[in-house]
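Below is one structure; the comments refer to it alone.
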Amino acid sequence: QVQLAESGGGLVHAGGPLRLSCAASGRAFSNYAMGWFRQAPGKEREFVASISRSGGITYYADSVKGRFTISRDNAKSAAYLQMNNLKPEDTAVYYCAAQRTTVPSTTSGLYDYWGQGTQVTVSS
């Protein structure tokens with residue numbers, strides 16, 4: 001079992017930055033690839049970014065490429081999502097997820113554990 005807890009969400013003006021954190025507890029964090037997903041009201045959950053167990057492989061959704069950066073610190077059992085140049089369309093609940101695999105997936109159904117989510121609201 002892995003427990004995940006997101007933090008760092010909030011209200012930010014368009015163009016501003018925000019950094020999300022995902023704290024993990026339970027089984028060895030380094031055994032899991034990590035992903036960030038988001039869900040806006042009335043929309044399906046969508047992939048944002050993912051990172052391999054070592055951090056050497058990352059994937060991004062086209063909509064966030066160049067603006068968001070995913071990272072992890074295995075010593076701290078934490079993953080992060082640095083979000084820059086935020087846009088109103090980035091408004092959503094953001095979830096971190098863990099997948100017991102080497103290469104991170106972009107498919108939410110393949111992840112094993114999920115956090116409760118943190119709200120990000122970007123005002124125009």
Side-chain angles (χ1 to χ4, degrees):
Q1 284 278 356
V2 174
Q3 292 79 42
L4 303 173
E6 303 93 338
S7 62
L11 174 65
V12 62
H13 290 298
L18 208 58
R19 188 191 194 211
L20 304 183
S21 298
C22 175
S25 60
R27 292 186 177 270
F29 179 71
S30 59
N31 288 341
Y32 294 84
M34 298 298 295
W36 285 95
F37 292 79
R38 66 188 182 186
Q39 187 167 17
K43 295 187 177 181
E44 294 187 353
R45 189 170 299 187
E46 65 173 1
F47 168 76
V48 175
S50 60
I51 188 168
S52 63
R53 296 190 298 183
S54 67
I57 300 172
T58 57
Y59 296 120
Y60 295 94
D62 288 343
S63 59
V64 307
K65 204 171 293 184
R67 299 188 298 122
F68 290 12
T69 302
I70 189 171
S71 62
R72 66 188 296 159
D73 186 338
N74 287 343
K76 295 183 178 180
S77 296
Y80 307 97
L81 186 68
Q82 177 67 43
M83 305 185 293
N84 296 327
N85 190 22
L86 282 161
K87 304 176 180 181
E89 51 264 42
D90 294 318
T91 295
V93 177
Y94 283 71
Y95 300 89
C96 69
Q99 181 186 14
R100 191 175 176 87
T101 186
T102 300
V103 179
S105 172
T106 62
T107 304
S108 61
L110 296 180
Y111 281 78
D112 302 301
Y113 302 102
W114 291 82
Q116 293 299 309
T118 185
Q119 176 70 47
V120 172
T121 303
V122 185
S123 63
S124 57

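Just the heavy atoms: all of them, side chains too, but no hydrogens, waters or symmetry mates, feed the values below.
- Put simply, CG on D90 and CE on M83 are 7.5 Å apart, with the number rounded to the nearest 0.5 Å.
- Considering V2, L110, D112 as possible partners of R100, the one that fulfils the side-chain contact (heavy atoms from CB on, under 4.5 Å) test is D112.
- More than 12 non-hydrogen atoms from other residues, nucleotides or ligands lie less than 6.0 angstrom from NZ of K65.
- With respect to F47, the ring pair (Phe, Tyr, Trp, His ring centres under 6.0 Å) criterion is satisfied by exactly one of Y59, Y94, F37: F37.
- Between L18 and G8, the shortest heavy-atom distance links the atoms CG-O, 3.5 Å.
- Of all heavy-atom pairs spanning S123 and H13, the tightest one is OG-ND1, 3.0 Å.
- Each of T91, V64, T118, L81 was compared with R38 under the side-chain contact (heavy atoms from CB on, under 4.5 Å) criterion, and only V64 meets it.
- The OG1 atom of T121 lies 10.5 Å from the CG atom of L86; values are rounded to the nearest 0.5 Å.
- Remark: the backbone N or O of G26 is not paired with any side-chain donor or acceptor of Q1 at under 3.5 angstrom.
- With sequence neighbours excluded, no residue satisfies ring pair (Phe, Tyr, Trp, His ring centres under 6.0 Å) with Y95.
- No donor-acceptor pair closer than 3.5 Å links the side chain of Y113 to the backbone N or O of A24.
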TODO: Evaluate the criterion side chain to side chain donor-acceptor pair (under 3.5 Å) for residue pair T102 and R53; output intermediate values, then yes/no.
DONE: CA-CA 6 Å; T102 300; R53 296 190 298 183; 3.0 Å; yes
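- Residue-environment remark: CD (Q116) stays at or below the threshold of 12 foreign heavy atoms within 6.0 Å.
- Counting only distance, with no hydrogens or angles, the side chain of R67 and the backbone of N85 share a donor-acceptor pair below 3.5 Å.
- Under the side chain to side chain donor-acceptor pair (under 3.5 Å) criterion, R19 pairs with no residue, sequence neighbours left out.
- With sequence neighbours excluded, no residue forms a side chain to side chain donor-acceptor pair (under 3.5 Å) with S54.
- Residues W114 and Y32 are members of separate hydrophobic clusters, defined by side-chain heavy-atom contacts under 4.5 angstrom among Ile, Leu, Val, Met, Phe, Trp and Tyr.
- Under the 3.5 Å distance criterion, the side-chain polar atoms of S50 are left unmatched by any main-chain donor or acceptor of G35.
- Taking OG1 of T69 as the start and OH of Y80 as the end, the distance is 14.5 Å to the nearest 0.5 Å.
- Between the CG atom in L4 and the OG atom in S25 there is a gap of 7.5 Å [rounded to 0.5 Å].
- Distance check: S105 OG to Q99 CD gives 5.0 Å after rounding to the nearest 0.5 Å.
- Cluster annotation: L20 and Y111 are assigned to distinct hydrophobic clusters (Ile/Leu/Val/Met/Phe/Trp/Tyr, side-chain heavy-atom contacts under 4.5 Å, transitive).
- Looking at heavy atoms from C-beta onward, P104 lies out of side-chain contact with I51 at the 4.5 angstrom threshold.
- Across every non-hydrogen atom of A92 and A40, the tightest pair is CB-N, 3.8 Å.
- A continuous path of ILVMFWY side-chain contacts below 4.5 Å connects F68 to M34, so both sit in one hydrophobic cluster.
- Annotation: the span from S30 atom OG to R72 atom CZ amounts to 7.5 Å, rounded to 0.5 Å.
- The shortest heavy-atom contact between W36 and A79 is CZ2-O, 4.0 Å.
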